[in-house]
Structures are given as structure tokens and as C-alpha cells.
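The first residue in the sequence is number 1, and the count goes up from there. These numbers come from a predicted model, not from an experiment.
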Amino acid sequence: MASFRVRQYRDDDYDAVRSLFARGILEHAPAGYRLVLRSAGARLGLLVLFATARAAAGCWLLGLAAVAVALGATWLHVRSFSTSYVRQALSTDLRDIAASYLRSPDSCFWVAEASGSVVGTVAVAPPQDPAERGAALELKRMSVSKDYRGRGIAKSLCEEVLRFARARGYGAVVLTTSAAQVAAQRLYERQGFRKVGTHSPSLLARLLCFQLIHYRYDLHGRDAAS
């Protein structure tokens with residue numbers, strides 16, 4: 001098993017970080033598609049579409065064609081969630097990583113390095129939710145290269161964020177992940193995060209049963225238990 005180290009982001013990590021983040025997000029599109037198709041609403045909708053098209057055309061082949069078109073359109077929509085998210089991130093906080101995360105005492109960006117390459121990333125910053133500002137920090141941009149998963153890198157990156165928030169006196173760390181990222185959910189839950197809510201980012205996402213999951217780690221409660 002290859003060794004790795006977690007260190008603070010440097011400017012020469014820029015291209016590697018952006019590439020790793022984009023690949024990691026786009027990898028989840030097929031899982032998101034499968035999640036949508038497994039939902040009861042999607043299955044019922046496809047069945048109704050098939051029956052309606054078959055009845056209207058009097059041909060079961062046209063019914064199947066209608067379902068195939070619907071499946072293709074659904075894939076394009078699910079894929080668009082991932083690509084839009086990547087474009088937004090690369091044009092906002094990941095456009096100037098140092099300015100976004102290294103110029104404030106309450107934010108930071110780390111990379112995991114192995115064999116001279118960046119194989120993992122994570123960031124922390126004040127949360128976007130105004131209700132959490134001043135009370136919690138938000139874990140963001142967690143990503144680990146596919147070839148290095150299962151080696152404890154994500155766990156170490158997560159622990160770095162928790163230490164950072166605890167050292168600055170915050171009471172909690174919050175994060176958001178998608179329902180398609182099952183491995184990430186398991187990681188956060190093993191680390192002690194608890195699920196506190198879900199929401200769909202748009203009407204289309206709601207129709208496709210695509211959800212974001214919110215997690216919270218209460219630092220004060222953990223410190224008291226310790």
C-alpha cells in the first residue's frame with residue numbers, strides 16, 4: 001500500500017486539483033442515473049409512457065422506442081447536473097483556490113500527495129447557510145483519485161478538517177453530498193457525521209428523484225463525550 005501525506009495546497013497544485021475534482025464529480029453521473037431509474041416514480045413513468053405510446057400507435061415497437069428516447073433524455077439531464085456543478089465550481093472558488101481558501105483564518109485547502117502526485121483534496125470554509133455562520137464550518141471539495149481509494153486518504157482529509165474547525169472553536173462541521181455518492185455517505189457516517197436533511201436543487205431534480213443530503217458533525221458533543 002502506497003504511503004501518502006496530507007499538506008496544505010500550493011499554487012503548483014492548481015491544474016492537478018481542478019482535474020481531480022472534475023473527474024471525481026463526473027464519475028458519479030452513472031450512479032446518479034441508476035439511482036433515478038431505481039425510483040418508483042421513474043419506473044411508473046416509463047411504464048405509463050410505454051403503454052400510452054403503444055396504445056396510440058398500435059405497435060409495441062413504438063412503445064419501446066418512446067421508452068428508449070425517455071431513457072436517453074433522462075441520462076442527458078442527470079449528466080447535466082454533474083457537468084453544470086463542475087463548471088460552476090471551476091469558475092468560482094476553484095478558479096483562484098488560494099484566494100478562496102488560504103486568505104482567511106477560517107478557511108483552508110489541503111491535498112493528499114502520494115508518489116509526488118496530488119491524489120486527494122478537501123477544503124473548509126464558512127458555510128453558505130447564514131444560519132450556520134459563526135457556529136460551523138463547511139467541509140467542501142472532497143475528492144480522492146479512483147486509483148487511491150480505500151487507503152484511508154479520505155478519512156485523513158476529513159480528520160484534518162475536523163481538527164481545523166475544533167482548533168478555531170467552532171461547534172460543528174457541515175457538508176452536503178449527493179444521494180448517488182454512496183461511498184462518501186458511508187465515509188462521513190463512519191466518521192461520526194449524522195444526516196440532518198435532504199433537498200432537491202431544482203424542480204427537474206425533484207422530478208428525477210435526485211437529492212442532496214446534508215450532514216453535520218457536532219464537535220462540542222464529541223469533545224464532551226471524550
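Within the 3.5 Å criterion, the main-chain N or O of Asp106 finds a donor-acceptor partner in the side chain of Ser104. Between the side chain of Gln185 and the backbone N or O of Ala179 there is at least one donor-acceptor pair closer than 3.5 Å. Under a 3.5 Å cut-off, the side chain of Tyr14 and the backbone N or O of Arg95 do form a donor-acceptor pair.
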Criterion salt bridge (Lys or Arg N to Asp or Glu O under 4.0 Å) on Arg163 and Glu160, from CA distance to verdict: CA-CA 5 Å; Arg163 282 194 293 269; Glu160 195 71 37; 2.8 Å; yes
Might you work through the side chain to side chain contact (heavy atoms under 4.5 Å, CB included) test for Leu20 and Thr121, ending with a clear yes or no? CA-CA 8 Å; Leu20 178 61; Thr121 67; 3.9 Å; yes
Quick one, Phe193 with Val173, criterion side chain to side chain contact (heavy atoms under 4.5 Å, CB included). Give me CA distance, side-chain angles, the key distance, then yes/no. CA-CA 9 Å; Phe193 283 83; Val173 172; 4.0 Å; yes
Given the rule in the side chain to side chain contact (heavy atoms under 4.5 Å, CB included) test, do Ser107 and Leu102 qualify, once you have shown the distances and angles that lead to the verdict? CA-CA 6 Å; Ser107 60; Leu102 301 182; over 6 Å; no
Would you check, one step at a time, whether the test side chain to side chain contact (heavy atoms under 4.5 Å, CB included) holds for Leu137 with Val161? CA-CA 9 Å; Leu137 289 179; Val161 170; over 6 Å; no
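Contact of the Tyr217 side chain with the Leu162 side chain is registered, since non-hydrogen atoms from C-beta on lie closer than 4.5 Å. Within the 4.5 Å cutoff, the side chain of Leu139 has heavy atoms near those of the Val122 side chain.
From Asp96, atom CG reaches atom OG of Ser91 across 12.5 Å, with rounding to the nearest 0.5 Å. A distance of 14.0 Å separates CD1 of Ile25 from CZ of Phe81, quoted to the nearest 0.5 Å. In this structure, the separation between CH2 on Trp75 and OG on Ser80 is 10.5 Å, given to the nearest 0.5 Å.
Checked against side chain to side chain donor-acceptor pair (under 3.5 Å), Arg168 has no partners two or more places apart in sequence or in another chain. For Gln181, the side chain to side chain donor-acceptor pair (under 3.5 Å) criterion is met by His28, Thr177, Ser178, not counting sequence neighbours. Residues satisfying the side chain to side chain donor-acceptor pair (under 3.5 Å) criterion with Gln88, sequence neighbours excluded, are absent altogether. Checked against side chain to side chain donor-acceptor pair (under 3.5 Å), Arg5 has the following partners two or more places apart in sequence or in another chain: Glu113. For Tyr101, the ring-ring contact (aromatic ring centres under 6.0 Å, His included) partners at least two apart in sequence or on another chain are Phe109. The side chain to side chain contact (heavy atoms under 4.5 Å, CB included) test applied to Leu26 returns Arg79, Ser82, Thr83, Val86, not counting sequence neighbours. With sequence neighbours excluded, no residue forms a side chain to side chain contact (heavy atoms under 4.5 Å, CB included) with Ala65.
Identified under the salt bridge (charged side-chain N to carboxylate O under 4.0 Å, His left out) test for residues 120-145, with sequence neighbours left out: Asp93-Arg141, Glu132-Arg216. Listed by first then second residue, pairs satisfying ring pair (Phe, Tyr, Trp, His ring centres under 6.0 Å) with a partner in residues 158-185 read Trp110-Phe164, not counting sequence neighbours. The stretch residues 10-26 participates, sequence neighbours left out, in these salt bridge (charged side-chain N to carboxylate O under 4.0 Å, His left out) pairs: Arg7-Asp13, Arg10-Asp12. Screening residues 25-48 for salt bridge (charged side-chain N to carboxylate O under 4.0 Å, His left out), with sequence neighbours left out, gives Glu27-Arg149.
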Would you mind writing out the side-chain donor-acceptor pairs for residues 152-159 within the sub-3.5 Å range, not counting sequence neighbours?
from   : atom 1 : to     : atom 2 : distance (Å)
Lys155 : NZ     : Glu159 : OE2    : 2.6
Ser156 : OG     : Gly152 : O      : 3.1

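Hydrophobic clustering keeps Met142 apart from Val111 (ILVMFWY residues linked when any side-chain heavy atoms are closer than 4.5 Å, directly or through intermediates). By the criterion of side-chain heavy atoms lying less than 4.5 angstrom apart, applied directly or through intervening Ile, Leu, Val, Met, Phe, Trp or Tyr residues, Tyr148 is grouped together with Val6 in one hydrophobic cluster. Both Ile213 and Leu187 are assigned to one and the same hydrophobic cluster, defined by single-linkage of ILVMFWY side chains at heavy-atom distances under 4.5 Å.
Of all the heavy atoms in Ala136 and Pro127, the pair that sits closest is O-CD, 3.1 Å.
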